[in-house]
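First the proteins, then the strands, lettered A, B, ... as listed; each starts at 1. Nothing here was measured: the structure is a model prediction, and the numbers come from that model.
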Protein chains: 2
Amino acid sequence: MPSLTEQIERWLKEQLLRAGGNTLEIRRSDLAEIFACVPSQVNYVLATRFTVERGYLVQSRRGGGGFIRIIKLRMDLPEQLQGLLSRGIGESISQAQAEGIVERLWEEELLNGREKRMLEAAVSRETLGVELPLRDVLRARLLKAMLLALLGE
Amino acid sequence: MPSLTEQIERWLKEQLLRAGGNTLEIRRSDLAEIFACVPSQVNYVLATRFTVERGYLVQSRRGGGGFIRIIKLRMDLPEQLQGLLSRGIGESISQAQAEGIVERLWEEELLNGREKRMLEAAVSRETLGVELPLRDVLRARLLKAMLLALLGE
DNA sequence: CCCTATTTTGACCTTCCTTGACCTTCATCT
DNA sequence: AGATGAAGGTCAAGGAAGGTCAAAATAGGG
């Protein structure tokens with residue numbers, strides 16, 4: 001049985017597709033009611049599954065008439081990948097962030113399944129197996145170098 | 001009477017066959033309950049019976065909604081690649097050696113151009129950018145993990 | 001029977017998810 | 001403007017998985 005977080009994640013992505021557009025607006029309290037959970041559960045889902053790395057922008061407004069808006073960022077061109085390489089990936093990156101980027105590129109069909117798995121393997125804490133300040137630095141270098149290798153057809 | 005370890009091993013392999021696919025996902029705690037044993041017994045079975053040498057890859061996730069995933073590796077590949085993964089690549093490897101392996105796999109068409117470039121980027125001295133005893137160790141881990149990723153599914 | 005290798009257990013650790021108390025912002029009504 | 005209620009935000013504690021390691025138990029071979 002998928003976790004609540006996963007259920008909410010799927011539901012939101014489905015709504016995004018169904019709406020056809022790239023934007024979804026909903027009340028946090030409504031979502032919480034649909035899934036019979038506390039409202040802050042929604043914030044957890046947004047914070048872990050709809051990050052910028054994964055290609056989403058989340059906006060919101062408090063007070064009466066408040067809402068949460070999820071915007072799916074499109075990455076249609078390799079040019080954007082270049083942007084990712086030059087600006088998006090810094091000197092150091094966490095595993096979660098790196099996986100978000102890989103997940104997004106895969107969803108955008110800029111990577112196939114084999115390439116995705118290779119990147120995930122390379123970026124994994126376990127594979128790197130060194131302690132923390134260095135691990136994140138190494139991961140950033142690898143991710144950049146590997147993605148760059150894909151661009152240079 | 002077969003040992004607990006053997007019973008669990010058989011059961012898992014049977015489930016893998018039954019599912020038809022090459023992947024099985026299950027909760028460690030469920031498995032422990034089925035066989036009325038401590039959860040860590042499952043780890044022992046995985047560590048001794050579902051190793052890379054025996055043709056399996058094990059992945060997992062902790063926390064709520066956690067799971068253990070067993071992937072049966074493709075066995076239709078030349079012995080070379082499998083041999084490489086279980087014995088050929090040691091704890092440490094030079095750039096020249098690593099590049100030789102990648103080149104060979106590419107010539108045998110086990111890797112395409114994109115995959116070759118990703119691997120070369122990952123094993124490059126410049127990308128790794130750490131000093132020597134560690135660099136070769138890291139390279140060996142990356143090469144193994146990335147090639148292994150190609151054998152899943 | 002003894003010695004060794006393998007298996008079984010359990011205490012303790014890390015990661016990820018869920019919940020709830022408390023805080024901030026906004027629209028609207030006096 | 002000030003008060004009020006209706007949103008959403010934050011954060012820390014608790015819970016729910018799986019991981020690790022070493023000691024204890026057992027099985028097998030000589």
Side-chain angles (χ1 to χ4, degrees), chain A residues 1-12 24-54 56-71 94-100 103 120 123-132 135-136 139, chain B residues 1-12 23-51 53-54 56-71:
Chain A
M1 181 176 35
S3 70
L4 226 187
T5 293
E6 278 173 57
Q7 292 176 50
I8 297 177
E9 175 189 5
R10 279 184 213 162
W11 190 87
L12 287 171
L24 172 63
E25 226 168 82
I26 192 172
R27 272 171 216 236
R28 187 179 75 152
S29 54
D30 285 353
L31 240 191
E33 192 162 349
I34 291 172
F35 288 93
C37 65
V38 293
S40 59
Q41 174 77 44
V42 174
N43 296 81
Y44 179 75
V45 176
L46 294 174
T48 58
R49 308 296 209 263
F50 292 85
T51 61
V52 172
E53 295 85 34
R54 286 167 184 256
Y56 296 91
L57 214 56
V58 176
Q59 305 175 331
S60 65
R61 185 131 108 235
R62 304 186 183 192
F67 60 83
I68 283 176
R69 180 185 300 144
I70 300 176
I71 301 171
S94 73
Q95 179 166 339
Q97 287 176 313
E99 284 173 347
E103 176 75 16
E120 284 168 345
V123 128
S124 136
R125 191 179 351 247
E126 200 185 335
T127 300
L128 297 175
V130 295
E131 284 311 304
L132 238 194
R135 192 165 71 227
D136 283 2
R139 181 154 41 222
Chain B
M1 180 175 40
S3 71
L4 226 191
T5 293
E6 278 173 59
Q7 292 176 51
I8 296 176
E9 175 188 5
R10 278 183 212 165
W11 190 88
L12 287 172
T23 295
L24 172 63
E25 227 168 81
I26 191 172
R27 274 170 216 237
R28 188 180 74 152
S29 54
D30 285 352
L31 202 45
E33 192 162 350
I34 291 172
F35 288 94
C37 64
V38 292
S40 58
Q41 174 77 42
V42 174
N43 296 80
Y44 178 74
V45 176
L46 294 174
T48 59
R49 308 297 208 264
F50 292 85
T51 62
E53 291 80 9
R54 288 167 185 247
Y56 296 89
L57 207 58
V58 176
Q59 304 176 330
S60 66
R61 183 130 121 236
R62 304 186 184 190
F67 60 82
I68 283 176
R69 180 185 299 143
I70 301 177
I71 300 171

At a heavy-atom distance below 4.0 Å, what parts of residues 27-45 of chain B sit against DNA chain D?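 Those residues are B:R27, B:R28, B:S29, B:S40, B:N43.
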Quick check against the 3.5 Å criterion: does B:Q7 have a side-chain atom that pairs as donor or acceptor with the backbone of B:P2?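 At least one qualifying donor-acceptor pair exists.
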A:Q95 side-chain N/O to A:R125 backbone N/O, donor-acceptor pair under 3.5 Å: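 Yes; at least one donor-acceptor contact below 3.5 Å.
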For residues 56-70 of chain A, tabulate all N or O donor-acceptor pairs below 3.5 Å that involve a side-chain atom, not counting sequence neighbours.
residue: A:Q59; atom: OE1; partner: A:R69; partner atom: NH1; Å: 2.7
residue: A:R69; atom: NE; partner: A:E25; partner atom: OE2; Å: 2.8
residue: A:R69; atom: NH2; partner: A:E25; partner atom: OE2; Å: 3.1

Name the nucleic acid region contacted by B:G66, choosing base, sugar-phosphate or nothing; use a 4.0 angstrom heavy-atom cut-off, strictly under.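 Sugar-phosphate, backbone atoms only, no base.
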Categorize B:R49 for me: base, sugar-phosphate, or nothing, with a 4.0 angstrom heavy-atom threshold over every strand shown.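 It contacts sugar-phosphate atoms only.
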Can you tell me if A:E126 and A:S124 form a side-chain donor-acceptor pair at under 3.5 Å?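 No, no side-chain donor-acceptor contact under 3.5 Å.
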Nearest 0.5 Å please: distance from the [atom1] atom of [X] over to the [atom2] atom of [Y].
{"X": "A:I8", "Y": "A:L12", "atom1": "CD1", "atom2": "CG", "answer": "7.5 Å"}
{"X": "B:N43", "Y": "B:R28", "atom1": "CG", "atom2": "CZ", "answer": "5.0 Å"}
{"X": "A:T127", "Y": "A:R139", "atom1": "OG1", "atom2": "CZ", "answer": "10.0 Å"}
{"X": "A:E103", "Y": "A:R54", "atom1": "CD", "atom2": "CZ", "answer": "5.5 Å"}

First and last nucleotide of DNA chain C in contact with chain B, 5' to 3', at under 4.0 Å to a heavy atom: what are they?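 Listing 5' to 3', DNA chain C meets chain B from C:dT6 to C:dC17.
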Map B:G64 and B:V58 onto DNA chain D by nearest heavy atom, then report which one ends up closer to the 5' terminus.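 Whichever sits nearer the 5' end wins; that is B:G64.
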List the atom pairs, donor and acceptor, that lie under 3.5 Å between side-chain atoms in residues 31-42 of chain A and the rest of the protein, sequence neighbours left out.
residue: A:Q41; atom: NE2; partner: A:T5; partner atom: OG1; Å: 3.0

Apply side-chain hydrogen bond (donor to acceptor under 3.5 Å, both in side chains) to B:S29 and list each qualifying residue two or more places apart in sequence or on a separate chain.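 If we apply the side-chain hydrogen bond (donor to acceptor under 3.5 Å, both in side chains) test to B:S29, skipping adjacent residues, there are no hits.
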In terms of the nearest nucleotide of DNA chain C, which residue is placed more toward the 5' end: B:R62 or A:S3?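 This one resolves to B:R62.
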How would you give the extent of chain B contacts on DNA chain D, as first and last nucleotide 5' to 3' within a 4.0 Å heavy-atom cut-off?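 So the outermost contacting nucleotides come out as D:dA16 to D:dT20.
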